[in-house]
Structure formats: structure tokens, C-alpha cells
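Just below is one structure, and these are the notes that go with it.
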Amino acid sequence: MPELPEVETVVRGLRTPLIGETFIEVVSDWPRQLNGIDLPELQARLSGRSIQSINRRGKYLVLALDAGENLIIHLKMSGQLSVSNGQMPADKHVHTVFLLASGSELRFRDIRKFGRVYLVRDPEEVLGKLGQEPLEEEFTSEWLCQEMGARRRVLKPLLLDQTFIAGIGNIYADEALHRAAIHPRRQTNSLTTGECLALHEAIQTILSLAIEHEGSSIDAAYIKPDGGRGSMQSELRVYGRAGEPCHRCGSIIERVTLAGRGTHYCPGCQI
DNA sequence: CAACCGACCTGTTCGC
DNA sequence: TGCGAACAGGTCGGTT
């Protein structure tokens with residue numbers, strides 16, 4: 001579930017309670033969540049490590065620790081992180097708990113169990129294949145237009161390709177294409193310069209707006225670390241609005257399956 | 001290289 | 001009310 005804006009919101013929400021904290025112990029009842037590191041090894045390498053910074057790369061959270069270790073977490077479809085004082089018992093979907101020196105604990109809750117935790121000395125081991133950060137300076141309209149022209153692919157699946165641009169997921173791909181008034185099935189090399197500029201603008205605008213709104217909380221799948229909800233769901237113009245009228249042209253929003261994903265678009269104004 | 005499909009999981013919603 | 005099918009913010013690996 002969480003895409004770039006949701007992960008960014010989680011990162012911001014974890015900084016205050018976690019930076020400067022020290023790991024004491026890890027408890028897990030779902031070893032697969034630890035992505036192949038066995039619990040004793042994780043325990044040994046994490047115990048005594050303090051958290052120096054928390055950042056985001058694509059949809060990954062990166063906790064930089066002392067002694068050159070990095071704890072990297074991907075929430076996939078249903079992962080949630082929260083910091084608890086340990087008083088309230090964790091519910092049955094919390095599968096990994098990181099106990100901290102202050103007595104509080106970082107809880108990784110994940111109904112569908114797709115989320116993963118990595119502990120690596122070199123973050124590139126996990127993040128190495130990711131593409132451009134869409135809100136950073138290197139993501140320019142010149143770069144985007146050149147890449148589009150050079151590729152021969154269907155547009156929406158390319159936007160979801162994390163090795164091309166890192167962080168866009170199914171909601172914001174659909175929303176960016178609607179804002180840019182481009183049909184999701186268009187071929188990348190068929191875009192005009194004007195369309196490509198509009199797409200670049202739309203990607204940056206929708207992601208920034210979603211961060212301002214602290215992400216989209218459509219059901220219980222995404223909540224902030226403090227338990228609150230984002231408000232971006234009420235700003236969405238196509239995602240989840242099949243059968244409703246387009247705010248721009250009044251046509252009825254359609255939902256189709258494209259590359260295996262539900263795809264929402266306006267047949268009236270997305271050309 | 002690109003497109004497609006099942007796998008990985010559990011829960012919720014929808015149609016009959 | 002019950003019950004199965006479809007669907008869900010993501011990615012990976014194997015196959016055409």
C-alpha cells in the first residue's frame with residue numbers, strides 16, 4: 001500500500017521518537033519478514049546499535065545506525081510501523097518487535113506479511129537498482145522526455161517500474177496520468193514534448209501534494225506511526241472513483257486491468 | 001528487452 | 001445468512 005508519500009510520512013513520524021535510541025533486542029514470530037537473516041545474527045548485529053538518521057529511498061525506509069550498519073524496511077502492501085511505550089499489548093499482526101533502551105519499542109505490524117526487514121552494511125545491496133527520486137533535482141523534464149523517447153513501452157507500467165522512477169505506485173501513477181491528461185496505455189515514444197512536460201509536472205505535483213496531506217488512508221492499510229490517518233484519499237480524482245464523474249470533463253471514470261493492476265482513468269479527457 | 005502470470009498472505013467486500 | 005469469488009497502496013522470478 002504505501003507509496004512514496006506514505007513512506008515519507010512514516011519516515012518523518014519516526015524521526016522524533018527514534019533518533020538517538022538504541023536497539024536492545026529483536027523478537028519475531030515470522031522469520032521470513034527478516035529476509036533470510038536469522039534471528040540470532042540480527043540480534044547480535046543490532047544489539048547496542050544506535051539510530052543516527054532515518055531517511056527514505058523510493059519506498060524503502062533506511063535507518064542508519066552506528067558501526068556502519070543500516071536497518072532497511074519495506075512495508076509492501078500492508079506494513080505499518082509504530083513506536084509504543086510497550087504498555088499496550090501488540091495485536092496478532094505485529095510480527096517483529098524491536099525493543100529499545102528507553103523501554104519503548106518499534107513495532108512492525110503487517111497483515112499480509114509481504115513486508116521485509118534488511119540489515120546491511122552497504123545500503124546499495126538493497127537499493128542499488130532503484131531509479132530516479134522524483135522529487136529530487138536530478139529528476140528533470142529533460143531527462144524524462146529523453147527516456148520516454150528512447151523507450152518503447154506502455155506508459156503506466158513504466159511509471160510503476162522502480163528501476164526507472166523510485167516511489168510511484170498504483171494510486172499516484174493513475175493520478176499523475178489523469179492530471180497530465182494522458183491515457184495509461186499510450187506508448188512512451190508517442191508522447192509529444194508538451195505531454196511529457198505535463199507528465200513531469202503532474203508527477204511532482206501529485207507526490208508533493210500527497211506528502212502535504214500525509215498520504216492516502218483508504219482503509220486500514222495505511223496509518224501514520226502515531227496512529228493518525230492521512231487525508232490525501234479525499235483529493236484523488238480517479239483512483240477508486242470508477243463509475244463517478246470526472247471533475248474535469250464530466251465523463252464517467254473507468255476501471256480496467258493493465259499489467260495486472262487495477263487502472264483508473266477518464267475516457268473523456270485522457271487521450 | 002518487454003509483457004504476462006503466478007506466488008507470496010490475510011482480510012474485506014460484493015454478488016448470488 | 002452463507003459462501004465463494006474478486007480484489008487490495010508491492011515486488012519477484014519464471015515463461016513466452
Side-chain angles (χ1 to χ4, degrees), chain A residues 1-11 28-36 56-61 72-81 91-96 108-118 125-131 134 147-148 150-177 184-190 206-207 209-211 213-224 229-243 255-264:
Chain A
M1 73 14 71
E3 307 183 27
L4 183 154
E6 288 76 24
V7 177
E8 181 64 29
T9 303
V10 172
V11 161
S28 180
D29 68 358
W30 188 252
R32 280 209 242 181
Q33 200 164 40
L34 309 178
N35 206 60
R56 177 191 60 72
R57 175 79 172 96
K59 299 172 192 169
Y60 290 86
L61 292 100
I72 300 181
I73 299 173
H74 197 302
L75 303 173
K76 294 283 181 85
M77 294 286 265
S78 58
Q80 299 171 346
L81 292 169
D91 85 8
K92 67 172 183 175
H93 298 300
V94 173
H95 292 108
T96 300
F108 189 2
R109 177 174 191 270
D110 190 357
I111 290 177
R112 295 179 68 180
K113 299 179 177 172
F114 292 165
R116 290 293 179 265
V117 173
Y118 307 81
E125 260 181 61
V126 179
L127 312 173
K129 290 180 180 165
L130 293 176
E147 288 290 323
M148 288 291 173
R151 291 166 192 256
R152 188 175 283 271
R153 289 185 62 177
V154 177
L155 187 50
K156 181 180 170 183
L158 179 62
L159 294 180
L160 294 176
D161 183 343
Q162 303 298 300
T163 68
F164 179 55
I165 299 172
I168 299 177
N170 204 37
I171 294 179
Y172 301 116
D174 283 359
E175 293 297 318
L177 288 167
R185 285 193 201 275
R186 284 282 293 280
Q187 286 289 132
T188 50
N189 61 354
S190 78
I206 196 71
L207 294 176
L209 187 66
I211 291 171
H213 284 269
E214 302 181 296
S216 300
S217 295
I218 289 166
D219 53 30
Y222 162 70
I223 54 166
K224 297 189 287 167
R229 293 163 57 83
S231 60
M232 187 62 193
Q233 62 278 6
S234 57
E235 306 296 317
L236 302 179
R237 296 181 184 172
V238 284
Y239 187 89
R241 295 194 64 245
R255 180 191 179 283
V256 297
T257 298
L258 208 178
R261 313 297 304 278
T263 296
H264 313 72

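Given the structure is predicted, the values throughout are model-derived calculations rather than measurements. Residue numbering restarts at 1 for every chain, and letters A, B, ... go by the order of the sequence lines.
Separating the P atom of C:dA6 from that of B:dC5 is a span of 15 Å, rounded to the nearest Å. Here, C:dG4 and B:dC9 have their P atoms 22 Å apart, quoted to the whole Å. Between B:dA7 and C:dA5, the distance separating the two P atoms is 15 Å to the nearest Å.
Mapping A:G169 and A:T257 onto DNA chain C by nearest heavy atom places A:T257 closer to the 5' end of the strand.
Per the geometry, CG belonging to A:D219 stands 20 Å off P belonging to C:dA6, to the nearest Å. Rounded to whole Å, atom C1' of C:dC12 lies 13 Å from atom CD of A:Q162. We find that CG of A:D174 is positioned 15 Å from P of C:dC7, with the value rounded to whole Å. Rounded to a whole Å, the CG atom of A:N35 is 18 Å from the P atom of C:dG10. Rounding to whole angstrom units, CD1 of residue A:I111 and P of C:dG10 are separated by 16 Å. Straight-line distance from the CZ atom of A:F114 to the C1' atom of C:dA8: 10 Å, rounded to whole Å. Straight-line distance from the CG atom of A:L75 to the C1' atom of C:dG10: 11 Å, rounded to whole Å. The nearest whole Å value for the distance from the CG atom in A:L130 to the C1' atom in C:dC12 is 14 Å.
Of all heavy-atom pairs spanning A:A166 and A:L4, the tightest one is O-CD1, 3.8 Å. Closest of all the heavy-atom pairs between A:F108 and A:G79 is CE1-CA, 3.8 Å.
Within the nucleic acid shown, A:R151 has no heavy atom closer than 4.0 Å to any nucleic acid atom. Nucleic acid contact class of A:L160 (heavy atoms, under 4.0 Å, all strands): none. Nucleic acid contact class of A:Y239 (heavy atoms, under 4.0 Å, all strands): base. A:R116 comes within contact range of no nucleotide atom at all, as no heavy-atom separation falls under 4.0 Å. Residue-level contact check: A:K92 touches the backbone only, with heavy atoms under 4.0 Å from sugar-phosphate atoms and none from bases.
Put simply, CG on A:L81 and CZ on A:R109 are 12.0 Å apart, with the number rounded to the nearest 0.5 Å.
Residues A:R152 and A:Q187 form a side-chain contact, since some pair of their non-hydrogen atoms from C-beta on lies under 4.5 Å apart. Residues A:L160 and A:N170 have side chains in contact (heavy-atom distance under 4.5 Å, counting atoms from C-beta outward). No side-chain heavy atom of A:V10 sits under 4.5 Å from any side-chain heavy atom of A:Q80. In this structure, the side chains of A:Y222 and A:T9 come closer than 4.5 Å at one or more pairs of heavy atoms.
Bounding nucleotides for the chain A contact on DNA chain B, 5' to 3', at a heavy-atom distance below 4.0 Å, are B:dA2 to B:dG11.
Between A:R261 and C:dG10, a side-chain N or O to OP1/OP2 separation shorter than 4.0 Å is present. When the side-chain nitrogen and oxygen atoms of A:K59 are compared with OP1 and OP2 of C:dT11, one or more of them lie within a distance under 4.0 Å. Phosphate contact (OP1/OP2 of C:dG10, side-chain N/O of A:H74, threshold under 4.0 Å): absent.
By the 30° and 60° cut-offs, the orientation of the rings of A:Y60 relative to A:H74 is perpendicular.
With a 3.5 Å ceiling on both atom-pair distances, B:dC9 lacks any Watson-Crick or G-U wobble partner.
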